[in-house]
Amino acid sequence: MVRGRLGQLQYRLAIVFVVGWTGVVCGGLGTQFVAWDYPCPLCMVQRVFMLLAALGGAYIVRKAMTGVVAAEDYATGWGLAIVACVAGGFTSWRQTMLHILPGDPGYGDPVLGLHLYVWALILFIAAIATIGVVTIFAEETATDAIPTRPHRLIGTAAIAFLAVVIGINLVAVFLEEGFHWFLPDDPRRYEFFYDVGILR
């Protein structure tokens with residue numbers, strides 16, 4: 001069924017999901033490389049779930065780039081996003097609980113008064129709630145026909161942005177982990193440069 005602008009709400013939300021979560025991961029990368037705040041294993045796991053949530057939105061965006069999005073496409077994309085957000089929310093909650101005792105300074109420096117893992121928990125919960133609200137009104141917010149222009153260009157740009165950031169994140173993890181099986185619980189350096197003898 002073809003609807004007006006309101007009918008494209010879920011498609012637009014999918015684009016926001018892709019760009020938004022990718023932007024959040026960019027913020028983490030900025031903290032890592034600009035502030036030299038090395039992410040711990042739980043931080044990296046949260047990034048993975050953020051990128052998986054973005055991939056759920058990207059699934060819908062990619063389908064929409066053909067001009068047609070079936071109801072099952074919306075369901076699949078949002079299902080992937082919700083699973084990723086639930087798992088990411090649990091991971092960020094776990095890290096928050098590790099530093100809940102009075103006097104614990106937490107891991108890393110706060111941003112706007114909260115640590116990054118607390119912000120992650122808030123964002124994961126907000127994302128799940130948002131998906132829930134728009135799917136309640138799926139009949140009004142989920143059109144099956146998306147005009148190819150300019151949506152195809154916007155969708156391509158959003159997915160390309162996500163792909164680039166996934167690649168950067170893979171490199172960042174490799175540099176921090178080096179030729180080891182696991183990241184240290186409290187990383188202090190980029191192991192790769194020590195493993196190959198560039199730094200000693």
Side-chain angles (χ1 to χ4, degrees), residues 1-29 42-96 116-170 173:
M1 181 182 298
V2 180
R3 304 178 182 87
R5 291 185 180 275
L6 185 60
Q8 296 179 18
L9 184 60
Q10 287 202 39
Y11 166 73
R12 294 174 188 272
L13 177 62
I15 291 179
V16 170
F17 241 70
V18 176
V19 176
W21 280 121
T22 307
V24 170
V25 173
C26 283
L29 289 168
L42 281 175
C43 300
M44 287 299 190
V45 171
Q46 288 165 62
R47 285 189 196 176
V48 169
F49 286 125
M50 289 174 182
L51 293 171
L52 287 174
L55 285 172
Y59 181 87
I60 296 172
V61 173
R62 181 65 187 90
K63 290 290 185 177
M65 288 167 62
T66 65
V68 179
V69 188
E72 55 265 28
D73 296 329
Y74 285 113
T76 300
W78 291 136
L80 291 170
I82 287 175
V83 169
C85 287
V86 169
F90 176 78
T91 306
S92 54
W93 171 84
R94 166 65 176 155
Q95 190 168 9
T96 301
L116 293 181
Y117 44 85
V118 179
W119 281 117
L121 177 59
I122 293 170
L123 290 174
F124 281 126
I125 293 172
I128 295 169
T130 302
I131 294 173
V133 170
V134 297
T135 51
I136 287 172
F137 301 99
E139 183 66 24
E140 296 81 14
T141 62
T143 184
D144 58 5
I146 304 293
T148 55
R149 294 182 180 179
H151 299 293
R152 188 175 183 84
L153 178 61
I154 295 171
T156 301
I159 293 174
F161 180 39
L162 173 60
V164 168
V165 172
I166 288 175
I168 293 172
N169 203 60
L170 288 172
V173 172

For Ala81 against Phe17, the heavy-atom pair lying closest together: CB-CE2, 3.7 Å

Return the CD1 to NZ distance between Ile60 and Lys63, rounded to the nearest 0.5 Å. 11.0 Å

Output every pair passing side-chain hydrogen bond (donor to acceptor under 3.5 Å, both in side chains) with a member in residues 119-133, not counting sequence neighbours, ordered by first then second residue. none

Under the rule for side chain to side chain contact (heavy atoms under 4.5 Å, CB included), what residues qualify as partners of Ile159, not counting sequence neighbours? Ala58, Val61, Arg62, Met65

Donor-acceptor contacts under 3.5 Å from residues 20-28 side chains, at least two apart:
{"from": "Thr22", "atom 1": "OG1", "to": "Val18", "atom 2": "O", "distance (Å)": "2.5"}

For the CD1 atom of Ile125 and the CG atom of Leu121, what is their distance to the nearest 0.5 Å? 4.0 Å

Using the test side chain to side chain contact (heavy atoms under 4.5 Å, CB included), find all partners of Leu55 that sit at least two apart in sequence or belong to another chain. Leu52, Leu162, Ile166

Can you measure from CD (Gln46) to CG (Leu116) and round to the nearest 0.5 angstrom? 8.5 Å

Gap between atom CD1 of Ile154 and atom CZ of Arg12 - 0.5 Å precision: 7.5 Å

Test of understanding: with side chain to side chain donor-acceptor pair (under 3.5 Å), list the residues that count as partners of Asn169, not counting sequence neighbours. Arg47

Which is it for Leu13 and Trp78 under the side chain to side chain contact (heavy atoms under 4.5 Å, CB included) test, yes or no, and what are the steps along the way? CA-CA 10 Å; Leu13 177 62; Trp78 291 136; 3.6 Å; yes

State which residues pass side chain to side chain contact (heavy atoms under 4.5 Å, CB included) with Ile168; sequence neighbours excluded, sorted by chain then number. Leu29, Val164

